Number of protein chains: 2
Amino acid sequence: MAETRLPQADAYTLILAAIDEGIYKPGDRLVESELAERFGVSRTPIREALQRLETQSLLSRDGRSLIVASLDHNQLAELYVVRAELEGLAARLAARHATVEEVRVLRDMVAADRRMVDDPAALSRANKRFHKQIHLGSHNRFLVQQLDLVHRSMALLATTSLAAEGRGGEALDEHAAIVEAIARGDGDEAAEALKAHISHAFETRLKLESGDRRRVGH
Amino acid sequence: MAETRLPQADAYTLILAAIDEGIYKPGDRLVESELAERFGVSRTPIREALQRLETQSLLSRDGRSLIVASLDHNQLAELYVVRAELEGLAARLAARHATVEEVRVLRDMVAADRRMVDDPAALSRANKRFHKQIHLGSHNRFLVQQLDLVHRSMALLATTSLAAEGRGGEALDEHAAIVEAIARGDGDEAAEALKAHISHAFETRLKLESGDRRRVGH
DNA sequence: TGGGCTTAGTCTGCGCGCAAACCACCACAA
DNA sequence: TTGTGGTGGTTTGCGCGCAGACTAAGCCCA
């Protein structure tokens, strides 16, 4: 009874949310019976949810059992390369296909987000919304789907690069530049701006990571 | 007993193969109990397989039941845009990261495939292998995974553009150009050549489709 | 004391059956 | 003839339990 989060969410959504919120961290073992009890359903829907998550590479197999997938340094780099390309494509397409209303929403988002520069958690959520809006602006369902996958994999990363000192402000300036390129209908510029934005985010993450590693003594 | 195709393949693989072979066509309804009987397992593993296929958008829901997804004209165009971008990226990365052995394999493939120009079915299989080899040459696991998804969606299309008169020869010339660009380590050229290749394939498919449509009187 | 065998416990894979939702068909009435 | 309500059959969602595999711990023997 205490676990009735949303009116009715299926096991898949529940487990995804749990990973997203960091309740289960990369490397954690997911035991069917445990999840079943936690969410108050039987093992069957849990099994189905786990398999779906496995096909999206959010879970991987360790022997017979499933664990939350973790990204090593190489995989992180590979992920960012693909992400930059796809986000760049989304920006290019958005410049061509976004409606004036969609562009207006993007502009409003950038303006609203400026008021959150000091709240990394809120900024991170706003950031997700912003990028999602660009994806939708591309009016390409496959691209949206592929980018969803990419962002879901990124949920495996505990920290957000927006937590870095000063990165929030920078990121917002970059967002503004992207939106203006899209508003102008300049696809090349929009794609380049978004690729550069992703590249900076990756760079920031790498710096954060090496910092963390030093602090915790890995 | 008659259905024991491979020693042990799970339901997921079996259903995927059945869609691939055209046993189930876009729009066909997939009934759990039917599949269970056909493959000689109970409904449980079938259900799991169906859900996995649904998360990959190979199946879609029609009311409560699952049908094989079909691609309308818009979706086809959207798919090809994403495909061109990802394949282009793969070529670019392959130019940078492929080993000499991998390049040699690509060259051999092009040479071997020239002997099949008159067999569209064999050519189609060889084509899949060729592109897969380029994906692997990128040495980017995420990219390989994303491209797998794209190609799986393309399995929903009944015809191969290689069936068009003369397309086989053209495609092989384009393959050769791509391989040479990769061999030279010229990423930009490789990406452009592969994008152009995909673009031609799409064009051919569109011509084929309009022809088909005229013939069957849609 | 150490190595191998046995045994108990855990967890996944899968079959099975019930209940609820949905669809189609039909009958009856306006 | 058309609209409305009921009813049966089909199909999915899910709980449950068994069997097999794998793990780990303990015991016996060298």
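Model, not experiment: these values are computed from the prediction. Sequence lines set the chain letters: A, B, ... in the order given, protein chains first and strands last, and positions in each chain run from 1. Below, each value reflects all heavy atoms present in this structure, side chains not excepted, and no hydrogens, waters or symmetry copies.
Under 4.0 Å is where a charged nitrogen must lie from a carboxylate oxygen, and between A:Arg47 and A:Glu54 no such pair does. Taking 4.0 Å as the cut-off between side-chain N and carboxylate O, A:Glu203 and A:Lys207 count as a salt-bridged pair.
Near DNA chain C, meaning a heavy atom under 4.0 Å away, the residues from residues 46-57 of chain A are A:Arg47.
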Inset, instruction - Could you give me the CA-CA distance, side-chain angles and deciding distance for A:Gln146 and B:Val150, then say whether side chain to side chain contact (heavy atoms under 4.5 Å, CB included) is met? - result: CA-CA 9 Å; A:Gln146 298 275 59; B:Val150 170; 3.3 Å; yes
Inset, instruction - Test side chain to side chain contact (heavy atoms under 4.5 Å, CB included) on B:His131 and B:Leu194 and set out the steps. - result: CA-CA 10 Å; B:His131 283 286; B:Leu194 194 24; 3.8 Å; yes
Legend entry - Verdict with reasoning, A:His175 to A:Leu172, per side chain to side chain contact (heavy atoms under 4.5 Å, CB included): CA-CA 5 Å; A:His175 281 188; A:Leu172 279 174; 4.2 Å; yes
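Whole-Å rounding puts the B:Glu37 CD to C:dC14 P distance at 18 Å. Across the protein-nucleic acid pair, A:Leu14 atom CG and D:dC14 atom C1' stand 15 Å apart, rounded to whole Å. A:Arg43 places its CZ atom 10 Å from the P atom of C:dC11, with the value rounded to the nearest Å. To the nearest angstrom, P of C:dA21 lies 16 Å from CZ of B:Arg61.
No side-chain heavy atom of B:Arg29 sits less than 4.5 Å from a side-chain heavy atom of B:Leu66.
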Inset, instruction - For nucleotides 6-11 of chain D, just jot down a letter per nucleotide in 5' to 3' order: B, S or -, based on protein non-hydrogen atoms under 4.0 Å. - result: -----B
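Close to D:dG15, at under 4.0 Å from its OP1 or OP2, lies a side-chain N or O of A:Ser42.
Looking at A:Asn127 and A:Ser124, their side chains never bring a donor and an acceptor atom within 3.5 Å of each other.
Scored by the side-chain hydrogen bond (donor to acceptor under 3.5 Å, both in side chains) test, B:Tyr12 finds B:Gln56, B:Arg152 as partners (sequence neighbours excluded).
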